[in-house]
Amino acid sequence: MTGRREELAAGWIEVVSRTLATRVSRAELDRELHELYSAIVEALGSGGLDTGAEAWTEVRALLVELSRNRARQGFSPAETAVSVFALKAGLERQLDQGSPGDVAAYLTLSRLTDALGMFTVDSYTTTREQIISSQAEELLELSTPVVKLWDGVIGVPLVGTLDSARTQVVMEKLLQALVDTGSAKAIIDITGVPAVDTEVAQHLLKTVVAARLMGAECIVSGIRPQIAQTIVALGIEFGDIVTKATLADALRHALRGLSDADSVRGRGASQA
Amino acid sequence: MTVPGRDTTADTVRTQPIVTSDDVVRARQLARTLAVECGLSLVEQTKLVTAASELARNTLVYGGGGRMDGEVVSRTAGRGVRLNFTDHGPGIPDTDLALRDGWSSGTGMGLGLSGARRLVDDFVLRTEVGEGTAVTVVKWTH
Ligand SMILES: Nc1ncnc2c1ncn2[C@@H]1O[C@H](COP(=O)(O)OP(=O)(O)OP(=O)(O)O)[C@@H](O)[C@H]1O
Ligand SMILES: [Mg+2]
């Protein structure tokens, strides 16, 4: 593998670049694969065939980096693994002219390539999972906007299926927004929520109680008929929590509350 | 014991494993899909989906995970959706207590099981301590 180094490496890069075509620059591939190739040759020279061993640390590090880059660039697992498996194609070409000794060596290297290929796919998968879960977190943040509806009134439109994690994020954001904006009223609008179960209801109730402890009032709006009937059948009681059919009703209620509070403090509602 | 919805021409059964909290959401979505296919009204759909949510979460939280099998079933009077939740968890020692409104062995509202029973038309709870729990529910079109 050392002897026909350039030839082998060239054959390898050839196959890989044909698959990845225009999406990775030839120069980058050249650099990446030459580096990898040297590392493999070195590991073979010093440490035998156990790719999990110390001698293969460098190779593994390069493969992790390679698969990480491919995953980030949106390549498929197959497109990523080809970078390693194509090494075989290069070897096969040499085999045509080879001796029986070459065949044994080919089989050994082939097993080695398989092990490295599997390793590559594994680290690709790990990276993909990391990417996906961080995207999910970002989405969670994005999909739970807290908006200022009026001076002193914030609103949180809940949209889509609520799981525990999401409901928790929304509720924490809402409480924080009450503090940040100095608001006394919060409207939680559930028009876009397809179902309210005990878990969601419990989060809602806890938020309302927490807001109350902070001196703020929460109003739940957007309770559609099918949700109302389901809540009743489930046996959930919203107690003295103000609920309204529409966001407009809720806002009207909130503003009325604010102007009452204002006149008590001797401030005109127009200033609010 | 009679199993509700049995003795009917069964459609294909679709299975959702319940292992993570994401699976609870998926179980809910499968329940919704079946409810729409079966032609349940919006209110009935919402009730079934909410019951599925409760039972799937119990399967996960108390049963330590399990599965939901769902299918569209039919009888002479119409069609329905049957959902079957099974786990091999600790089982429920006192089903009367578990089905009491407001009773929870944990920190829940204690309304999931009893509420789910009210949300569907047929409800059968089979449980054995140390063996596991199976809850079968059916919601029929009206
Ligand atoms: N699959 C199960 N396996 C074992 N125990 C269960 C199972 N399902 C329910 N239980 C028991 O029954 C009790 C009542 O269940 P239920 O769903 O009504 O209330 P919860 O889950 O505690 O609270 P909530 O559903 O209102 O959030 C549970 O606290 C639990 O002890
Ligand atoms: Mg429950």
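Treat the numbers as computed from the prediction; the structure is a model and nothing was measured. Below, chains carry the letters A, B, ... as their sequence lines are ordered, and counting in each starts from 1.
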Tell me yes or no: between the side chains of [X] and [Y], is some donor less than 3.5 Å from an acceptor?
X         : Y        : value
Asp197(A) : Thr50(B) : no
Thr141(B) : Arg79(B) : no
Arg67(B)  : Thr59(B) : no

Structural part of [X] lying under 4.5 Å from a heavy atom of chain A:
X         : result
Ala116(B) : backbone
Ser104(B) : neither
Arg57(B)  : side chain

Problem set entry | Residue Glu237(A) excluded, over 12 heavy atoms near CD under 6.0 Å | no
For this session: Please state whether the side chain, the backbone, both or neither of Val200(A) comes within less than 4.5 Å of a heavy atom of chain B.
Result: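 Interface part for Val200(A): neither.
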Exercise. What part of Ile236(A) lies closer than 4.5 angstrom to a heavy atom of chain B: side chain, backbone, both or neither?
Worked result: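 Ile236(A) touches chain B through backbone and side-chain heavy atoms alike.
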Exercise. Would you call Arg111(A) and Asp114(A) a salt bridge, using N to O less than 4.0 angstrom?
Worked result: no
Problem set entry | Top contributor to chain A interface from Leu119(B), Val25(B), Val49(B) [non-hydrogen pairs under 4.5 Å] |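 When all of Leu119(B), Val25(B), Val49(B) are compared, Leu119(B) has the most.
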